[in-house]
Structures are given as C-alpha cells and as structure tokens.
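Quick caveat, the model's predicted, so the values are computed rather than measured.
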Amino acid sequence: MNSSTPRHERLTRFALYFVRLALAASFLSAVADRFGLWGTAGTGEVAWGSFPPFVDFTGLLLWFLPEPLVLPFAWAATILEVLLAIGLLIGFQLRYVAFASSLLLFTFALCMTFGTGPEGPLSFSVWTASAAALLLATHPQLQRKPAEN
C-alpha cells in the first residue's frame, strides 16, 4: 500500500491531532492537580491536591538548586505547561510548541530519574510523552506548505 493513500493521510492527521490533545490534556491535568481541581491529595489518583506539595516535589526533583529557587521553578513549570497546552490545542507555532513540550518533558524525565529514581518517569510515561512531542515537532505534515497562486 502506498503511504500517500487518502486513508493513510487521514489516519496520520488523526494521529497528529490525537498526540496534540493527549499532550495538552496531560499538561492541563497536572496543573489542575496542583490547584486542587481533581480533589485532595490521596483521593483517587490525586498526587498533590494543592500547590505547596507540588513545590515540595519540585524541590525533590531539583535537589541541586538552592532552596529559594524552587518556588520560581515550580511556577515556571506550571506557566509553561499551561502555555504549551494552549499552543498544542490551538496549533499556534505548532512545531516550536511541540519541540518546547518535548524539551520540558525531557527535563522533567531527567530530573525525576535523578531525583527519585527511574521508575517514576517510566511508569508515568514521561519519556514516552517527550518522544511523542518530538515526533510531533519533526513530522513532515507540520511543515508549512507554500501558498498556491
């Protein structure tokens, strides 16, 4: 089967939208958890339930930073996740947003690996999400097509 068949192209377009939606939803869900929108810590799958436990977790991951920098980094991660989620959802500068998403997730995965061990980022698919965002950023269907005359 030729890879340029209409069915294959439709499936590929769907897969690209699916990756965008999944990444955006993951970013927004993590932010929602930090602000208690999923409930209190320990209920269901809620990890933090409020911002202070997230800041504590950030300090655990960023063990190499001086303590006064942990709070600004926690806020920076939160703001980046919201902005990247919006960019993924609306398709704004998608190649750059997807690449930035991959880098942010890669950074999370590295910090998790060295801060808490390899199991967390593997079980929470942080490496996988980083790879998916990189694949999205480099996918040929995201290249701008020249305007037709």
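- Shown here are the side-chain hydrogen bond (donor to acceptor under 3.5 Å, both in side chains) partners of W38, two or more places apart in sequence or in another chain: S29.
- Atom OG in S101 sits 6.0 Å away from atom CG in L23 (nearest 0.5 Å).
- In this structure, OG on S26 lies 10.0 Å from CG on L88, to the nearest 0.5 angstrom.
- Under the side chain to side chain contact (heavy atoms under 4.5 Å, CB included) criterion, L21 pairs with L89, sequence neighbours left out.
- Sorted by first and then second residue, the pairs that involve residues 70-91 and meet salt bridge (Lys or Arg N to Asp or Glu O under 4.0 Å), not counting sequence neighbours, are R34-E81.
- Remark: T40 engages no residue in a side-chain hydrogen bond (donor to acceptor under 3.5 Å, both in side chains) (not counting sequence neighbours).
- Linking Ile, Leu, Val, Met, Phe, Trp and Tyr residues whenever their side-chain heavy atoms come within less than 4.5 Å leaves L28 and F18 in two separate clusters.
- The hydrophobic cluster containing Y17 does not contain I90, counting ILVMFWY residues as joined when their side-chain heavy atoms lie under 4.5 angstrom apart, directly or transitively.
- Evaluation of the side chain to side chain contact (heavy atoms under 4.5 Å, CB included) rule for I79 yields L83 as partners, not counting sequence neighbours.
- With a 6.0 Å radius and a threshold of 12 heavy atoms from other residues, nucleotides or ligands, Y96 has its OH atom at or below the threshold.
- For the side-chain hydrogen bond (donor to acceptor under 3.5 Å, both in side chains) test, residues two or more places apart in sequence or in another chain that qualify with S123 are E119.
- Annotation: salt bridge (Lys or Arg N to Asp or Glu O under 4.0 Å) contacts involving residues 43-52, sequence neighbours excluded, are absent.
- Taken together through direct or relayed side-chain contacts under 4.5 Å among Ile, Leu, Val, Met, Phe, Trp and Tyr, L94 and V19 form part of one hydrophobic cluster.
- Under the 4.5 Å side-chain heavy-atom criterion for grouping Ile, Leu, Val, Met, Phe, Trp and Tyr, V126 is not connected to L122 through any hydrophobic cluster.
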Please output the side-chain donor-acceptor pairs of residues 46-71 that fall under 3.5 Å, not counting sequence neighbours, one pair per line with the distance.
unit_1 : atom_1 : unit_2 : atom_2 : d
T58    : OG1    : F54    : O      : 2.9

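- Nearest approach of P118 to P121, heavy atoms of both residues: O-CD, 3.4 Å.
- Considering CZ of R95 and OG1 of T138, their distance stands at 7.0 Å, rounded to 0.5 Å.
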Evaluation steps, side-chain contact (heavy atoms from CB on, under 4.5 Å), between L80 and F27: CA-CA 9 Å; L80 279 172; F27 283 144; over 6 Å; no
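- The hydrophobic cluster containing L135, built from Ile/Leu/Val/Met/Phe/Trp/Tyr side-chain heavy atoms closer than 4.5 Å, comprises no other residue.
- The ring-ring contact (aromatic ring centres under 6.0 Å, His included) search around F114 returns none, not counting sequence neighbours.
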Using a 3.5 Å cut-off and no angle test, enumerate the donor-acceptor pairs between side-chain atoms of residues 102-113 and protein atoms at least two apart in sequence or in another chain.
unit_1 : atom_1 : unit_2 : atom_2 : d
S102   : OG     : S130   : O      : 2.9
S102   : OG     : S130   : OG     : 3.4
T107   : OG1    : L103   : O      : 2.8
T113   : OG1    : A109   : O      : 2.7

